[in-house]
Amino acid sequence: TIFSEKNNFAGTIDFICKIGDEKWIIDFKTSQYIWPEYELQLSAYKKAMEDLTGEKYKIAILQIGYKRNHKEYKFTELEDKFNLFLSAQTIWLNETSGQKPSQKDYPIKLKLDLSKKAEDKKETVQKKSKRRVKKS
């Protein structure tokens, strides 16, 4: 996971490697197409890694299960479009200003009730489920 405090975003990089003397950030995709948002995603990862490490990176998509060639994969180097990412982020911030994410609270502990009463409830629920299935 990479986080940019400077630009306020985070993401998960699939693969970082060295090919020859160049460092690469590679994202694995199963899609047969490279969508524009992939370029923005990888450009953001590139910027965050370069800010973090001070090193230069190239970015690419590795399409796995690619059906348009006999190799069943396709490696595509991407152009850095970080400025477009920042523009998209600005639009998103404008459209979501003041919104808070929904939050659900869950118990920290769960207790399994194995009493006879709990078993009776379970059987009743199962019988009702079977009746619904038969009616359908």
Review point. Within a strict 4.5 Å, meaning less than it, do heavy atoms of the E50 and K56 side chains meet?
Key: yes
Check your understanding: Are the side chain of T90 and the backbone of L86 linked by a donor-acceptor contact shorter than 3.5 Å?
Key -> yes
Point to revise | Neighbour count >12 (heavy atoms, 6.0 Å) for atom CD, E5 | key: no
**Study point:** Shortest non-hydrogen contact from L42 toward A60
**Key:** CD1-O, 4.0 Å
Review point. In Å, rounded to the nearest 0.5 Å, how long is the span from OH of Y57 to SG of C17?
Key: 10.5 Å
Point to revise | Spatial distance of atom OG1 (T96) from atom CD1 (I91) [nearest 0.5 Å] | key: 11.5 Å
**Study point:** Between CG on residue D51 and NZ on residue K6, distance to nearest 0.5 Å
**Key:** 5.0 Å
Exercise for review: Would you check if the side chain of Q89 reaches a backbone N or O of N7 as a donor-acceptor pair within less than 3.5 Å?
Suggested key: yes
Review point. Side-chain contact, heavy-atom cut-off 4.5 Å: L78 with I34?
Key: yes
Check your understanding: Can you hop from Y38 to I25 via hydrophobic side chains spaced under 4.5 Å?
Key -> yes
Review point. Could you state the interatomic distance from OG (S97) to CG (L93), rounded to the nearest 0.5 Å?
Key: 8.0 Å
**Study point:** Check: E79 main-chain N/O paired with E39 side-chain donor or acceptor under 3.5 Å
**Key:** no
Side chains of residues 63-74: which donor-acceptor pairs under 3.5 Å do they make with residues two or more places apart or in other chains?
residue	atom	partner	partner atom	Å
Q63	NE2	S31	O	3.1
Q63	NE2	Q32	O	3.2
R68	NH2	Y33	OH	2.8
N69	OD1	K71	N	3.0
N69	OD1	E72	N	2.9
N69	ND2	Y73	O	2.9

Review point. Which pairs with one or both residues in residues 4-26 pass ring pair (Phe, Tyr, Trp, His ring centres under 6.0 Å), sequence neighbours excluded?
Key: F9-F85, F15-F28, W24-F75
Check your understanding: Should I13 and I59 be regarded as members of a common hydrophobic cluster, given that ILVMFWY residues are connected when their side-chain heavy atoms come within less than 4.5 Å of each other, either directly or indirectly?
Key -> yes
Exercise for review: Determine whether I26 and I61 fall in the same hydrophobic cluster, where Ile, Leu, Val, Met, Phe, Trp and Tyr are linked whenever their side-chain heavy atoms lie under 4.5 Å apart.
Suggested key: no
**Study point:** M49 side chain near I16 side chain, heavy-atom distance below 4.5 Å
**Key:** yes
Practice item. Identify the two heavy atoms, one from F3 and one from A10, that lie closest to each other, and give their separation to 0.1 Å. Key: CD1-CB, 3.4 Å
